[in-house]
S.K.: 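Dropping a structure here in structure tokens format, bear with me for questions.
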Amino acid sequence: MNKLQKSFYLREDVVQIAKELLGKYLFTDLNNDGVTGGIIVETEAYAGVIDKASHAYGNRRTTRTEVMYMEGGVAYVYLCYGIHSLFNIVTNVKDIPHAILIRGIKPVEGFEVMLKRSAKPKMNDKIGIGPGNVSKILGIHFSQSGESLTGNSIWLEDRGLKILFSKVISGPRIGVDYAGKDASLPYRFRISL
DNA sequence: CGGCCGATCCACT
DNA sequence: GTGGATCGGCCGA
């Protein structure tokens, strides 16, 4: 197993890391349900205090956003629209609140458990598409915000899958119209597998 | 302390 | 293509 180590998350270029996350494997082992996970196929970068789309814009610190100020390599999970837990990966060093939203995975392990969590009738590659669905099928809850990504509950692996940069589609982020000109930054990355 | 609203999803037309 | 579900956190009073 080639688990991504702390050093991967501590680098300063959050946009670069967001791109590199495509093709990496995201796994969870929670609630004694066994290992579940898949290949990351869509990400969005949130570039900290200067990014109006980020919860940490303007160095805003609250109980919720404090997790983003932790040293890279932890999960930032928060509730959206009262229903969905959205899973983010915190990067950069302590006090630099960078984060990457995982918007989609392609399931590879623990199909039965993920299908059950999704409450969908049948399995397909779409059950992991959408940031709310990612957390849902992986069993991630916003109470897990701050959880380490180098432990045994939630982690990432590099299994040697190569992504052609020519196949990576970039574009503006979703649902951030309120962010002024930052809304048009090409911080969203995805691939089709 | 109360009101507002969001980095969404799904069922329905 | 559209609107309803649903609730914790943020902000202003």
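Throughout, protein chains are lettered first and strands after them, A, B, ... in sequence-line order, and every chain is numbered starting at 1.
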S.K.: Taking the side chain of A:Arg60 as its heavy atoms from C-beta onward, which of C:dA5, C:dC11, B:dT8 lies nearest to it?
M.R.: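 Nearest nucleotide to the side chain: C:dC11.
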S.K.: With a 4.5 Å cut-off on side-chain heavy atoms, are A:Arg103 and A:Arg188 touching?
M.R.: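 The answer is yes, as the side chains (C-beta and beyond) meet within the 4.5 Å cut-off.
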S.K.: Would you indicate which nucleotide in B:dC9, B:dA7, C:dG8 comes nearest to any side-chain atom of A:Asn88?
M.R.: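 Of the options given, the side chain of A:Asn88 lies nearest B:dA7.
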S.K.: The side chain of A:Lys120 lies closest to which of these nucleotides: B:dA7, B:dT8, B:dC10?
M.R.: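 Nearest to the side-chain atoms of A:Lys120, counting from C-beta on, is B:dC10.
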S.K.: A:Tyr178 has an atom OH; how far is it from atom C1' of B:dT8, in whole Å?
M.R.: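 Going from A:Tyr178 (OH) to B:dT8 (C1'), I get 13 Å.
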S.K.: Provide, to the nearest angstrom, the distance between the NE2 atom belonging to A:His84 and the P atom belonging to C:dG9.
M.R.: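 Atom NE2 in A:His84 sits about 17 Å away from atom P in C:dG9.
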S.K.: Is A:Asn152 atom CG crowded by more than 12 heavy atoms from other residues, nucleotides or ligands, each under 6.0 Å away?
M.R.: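 No, because the 6.0 Å sphere around CG of A:Asn152 holds 12 heavy atoms or fewer from other groups.
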S.K.: Looking at A:Phe8, is A:Arg11 sitting on its ring face, NZ or CZ under 6.0 Å from the six-membered ring centre and within 45 degrees of the normal?
M.R.: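 Yes - A:Arg11 lies over the ring of A:Phe8, closer than 6.0 Å to its centre and within 45° of its axis.
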S.K.: Does any N or O donor sit under 3.5 Å from an N or O acceptor when you compare the side chain of A:His55 with the base of B:dA7?
M.R.: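 Indeed there is one.
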S.K.: Would you mind telling me which of B:dA7, C:dG9, C:dA5 lies closest to the side-chain atoms of A:Arg64?
M.R.: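 Between B:dA7, C:dG9, C:dA5, the one nearest the side chain of A:Arg64 would be C:dG9.
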S.K.: Using the side-chain heavy atoms of A:Phe142, tell me which of these nucleotides is nearest: C:dG8, B:dA7, B:dC10.
M.R.: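 Looking only at side-chain atoms, A:Phe142 lies closest to C:dG8.
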S.K.: Would you tell me if any nitrogen or oxygen in the side chain of A:Thr62 comes within less than 4.0 Å of OP1 or OP2 on C:dG9?
M.R.: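 No, because none of the side-chain N or O atoms of A:Thr62 sits under 4.0 Å from OP1 or OP2 of C:dG9.
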S.K.: Using OP1 and OP2 only, check whether a side-chain N or O of A:Lys136 sits under 4.0 Å from B:dC9.
M.R.: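 No, no such contact exists.
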S.K.: Output the distance between atom CD1 (A:Ile163) and atom CG (A:Leu161), rounded to the nearest 0.5 Å.
M.R.: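 If we round to the nearest 0.5 Å, A:Ile163:CD1 and A:Leu161:CG are 4.5 Å apart.
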S.K.: Can you identify which nucleotide, out of C:dG9, B:dC9, B:dA7, has its nearest atom closest to the A:Val176 side chain?
M.R.: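 The answer is B:dA7, which lies nearest to the side chain.
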S.K.: Could you identify the nucleotide paired to C:dT6, looking across every strand shown and requiring Watson-Crick or G-U wobble geometry with both distances under 3.5 Å?
M.R.: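 Across all strands, not a single nucleotide pairs with C:dT6.
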S.K.: Respond yes when some side-chain nitrogen or oxygen of A:Tyr78 is under 4.0 Å from OP1 or OP2 of B:dG6, and no when none is.
M.R.: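 So the side-chain polar atoms of A:Tyr78 never come under 4.0 Å of the phosphate oxygens OP1 or OP2 of B:dG6.
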S.K.: Send over the distance from A:Arg188 CZ to B:dT8 C1', rounded to a whole Å.
M.R.: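 Spelled out: CZ on A:Arg188 to C1' on B:dT8 is 13 Å.
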S.K.: So what does A:Leu101 touch, heavy atoms closer than 4.0 Å: a base, only the sugar-phosphate, or nothing?
M.R.: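 If one applies the 4.0 Å heavy-atom cut-off, A:Leu101 turns out to touch a base.
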S.K.: Where the side chain of A:Leu79 is defined as all heavy atoms beyond and including C-beta, which of C:dC10, C:dG8, C:dA5 is the nearest nucleotide?
M.R.: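 It is C:dG8.
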S.K.: Which whole-number value in Å describes the distance from A:Glu44 CD to B:dG6 P?
M.R.: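 Whole-Å distance recorded here is 16 Å.
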S.K.: Using atom C1' of each nucleotide, how far apart are C:dG3 and B:dC5 to the nearest Å?
M.R.: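 To the nearest whole Å, 16 Å.
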S.K.: Would you mind pulling out the nucleotide paired to B:dA7, Watson-Crick or G-U wobble, both distances under 3.5 Å?
M.R.: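 Pairing partner, where one exists within any strand: none, as none qualifies.
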S.K.: Hey, what's the ring geometry for A:Phe27 with A:Trp155, parallel, tilted or perpendicular (30° and 60° as the breaks)?
M.R.: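 Correct class here is tilted.
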S.K.: Under a 3.5 Å limit for both distances, which nucleotide forms a Watson-Crick or G-U wobble pair with B:dC1, could you say?
M.R.: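 Paired with B:dC1, as far as the under-3.5 Å criterion goes, is C:dG12.
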S.K.: Is the charged tip of A:Arg173 near the ring of A:Tyr46: under 6.0 Å from the six-membered ring centre and within 45° of its axis?
M.R.: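 Yes, A:Arg173 sits over the ring of A:Tyr46.
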S.K.: A:Ile174 has an atom CD1; how far is it from atom C1' of B:dG6, in whole Å?
M.R.: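 After rounding, the reported distance stands at 15 Å.
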S.K.: So, A:Tyr81 and C:dA5: ring centres less than 5.5 Å apart, planes less than 30° off, yes or no?
M.R.: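 No.
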S.K.: How close or far is atom P of B:dC9 from atom CD1 of A:Ile127, stated in whole angstroms?
M.R.: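 My rounded result for the distance is 13 Å.
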S.K.: In terms of side-chain heavy atoms of A:Thr65, which of B:dC9, C:dA5, C:dC10 is nearest?
M.R.: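 Output: C:dC10.
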